[in-house]
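First up is the structure itself, then whatever we jot down about it.
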Amino acid sequence: MARKKVFLMFLYSLLLIFASHGLVEAAAQSNSQRSRSPLLTLTDGWGPFTSEEEIRIAGYLKQETQSYLTLVEALGPESFQGRPYIDGESAHILELIVLDLQISLKEIITTLGLIERLFRQRPADYVQSAPLLWLTVVKDISLEKGNARNMERLGLVQSNWPSIVDISLPRLFSRILEPKLTQFLRRGEKR
């Protein structure tokens, strides 16, 4: 009988050790997920993002877009002068492209900021507005990624923003926008 009690105590101890080890490991994994970079979060996995992940990604994209906008705003007419491959007409076209790019970048920053504020201040409104807000971000990024890439090729702006856009755009669509639009359409069918 005493052997049976010792054996059971040993078994319970082992179970307790394994359970506590599992809890510690789960907590460590949870902490590592919170400390992961937003770009890694963006590129890792296939399913829809959680709202918290969406907000981290929105903040990251807003920060990177703001940095890129600062570089683009530094471009002026003098930026195009003295370059043998840019003549007068090309310089005028580039000025218009830069102006359009600045407007779109500001719209992206404003929309991403609205996403962050809505999520923090009024989560219910975020749920309702998220498809339209993310659609605006995806649209603007899609329209301007070519211009950003051209600015890079011409050596006018050196930034990693075009690469971030190339990596993030398909995932913004498949992991944020598409699930939200599908959910939105399903709600409409139920009515």
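With contacts defined as side-chain heavy-atom distances shorter than 4.5 Å, the pair L61/S168 qualifies. Side-chain contact between M151 and L75 is present, with at least one heavy-atom pair separated by less than 4.5 Å. At least one side-chain heavy atom of L154 sits less than 4.5 Å from a side-chain heavy atom of L94.
Taking both residues in full, the closest heavy atoms of Q158 and G155 are given as NE2-CA, 3.6 Å, listed atom of the first, atom of the second, then distance. When all heavy atoms of L181 and P131 are compared, the pair lying nearest together is CD2-CB, 3.8 Å. Considering every non-hydrogen atom in both S174 and P179, the closest pair reads O-CD, 3.4 Å.
Among residues two or more places apart in sequence or in another chain, the side chain to side chain donor-acceptor pair (under 3.5 Å) test is passed with E152 by R149. For D100, the side chain to side chain donor-acceptor pair (under 3.5 Å) criterion is met by no residue, not counting sequence neighbours. Every residue two or more places apart in sequence or in another chain was checked for a side chain to side chain donor-acceptor pair (under 3.5 Å) with T136, and none qualifies. Applying the side chain to side chain contact (heavy atoms under 4.5 Å, CB included) rule to Y126 yields the partners S51, E54, I55, I115, L118, F119, A130, W134, K180; only residues at least two apart in sequence or on another chain are considered. Scored by the side chain to side chain donor-acceptor pair (under 3.5 Å) test, D140 finds no partners at all (sequence neighbours excluded). By the side chain to side chain contact (heavy atoms under 4.5 Å, CB included) test, Q66 pairs with L69, T70, I109, sequence neighbours left out. When the side chain to side chain contact (heavy atoms under 4.5 Å, CB included) test is applied to L132, no partner is found at least two apart in sequence or on another chain. Evaluation of the side chain to side chain contact (heavy atoms under 4.5 Å, CB included) rule for I103 yields no partner, not counting sequence neighbours.
A distance of 4.5 Å separates NZ of K139 from CD of E107, quoted to the nearest 0.5 Å. Note that the CG atom of N150 and the CG atom of L156 stand 10.0 Å from one another [nearest 0.5 Å]. Separation of atoms CG (L172) and OG (S142) is listed at 9.0 Å; rounding is to 0.5 Å. For the atom pair CD of E95 and CD1 of I97, the computed distance is 11.0 Å after rounding to the nearest 0.5 Å. Taken to the nearest 0.5 Å, the OG atom of S104 stands 8.0 Å off from the CG atom of N147. Here the straight-line distance linking atom OG of S67 with atom CG of L105 works out to 11.0 Å at 0.5 Å rounding.
Residue pairs meeting the ring-ring contact (aromatic ring centres under 6.0 Å, His included) criterion with at least one member in residues 48-78, sequence neighbours excluded, are Y68-W161. Applying the salt bridge (charged side-chain N to carboxylate O under 4.0 Å, His left out) test to residues at least two apart or on different chains, the pairs with a partner in residues 66-75 are E73-K106. For the side-chain hydrogen bond (donor to acceptor under 3.5 Å, both in side chains) condition, the pairs that include at least one residue of residues 110-125, sequence neighbours left out, are K62-E116, R122-D125.
By the criterion of side-chain heavy atoms lying less than 4.5 angstrom apart, applied directly or through intervening Ile, Leu, Val, Met, Phe, Trp or Tyr residues, I57 is not grouped with V127; the two fall into different hydrophobic clusters.
Checked by atom type and distance alone, the side chain of R171 pairs as donor or acceptor with a backbone atom of I167 at under 3.5 Å.
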Check against side chain to side chain contact (heavy atoms under 4.5 Å, CB included), L112 and V137: CA-CA 7 Å; L112 290 168; V137 170; 3.8 Å; yes
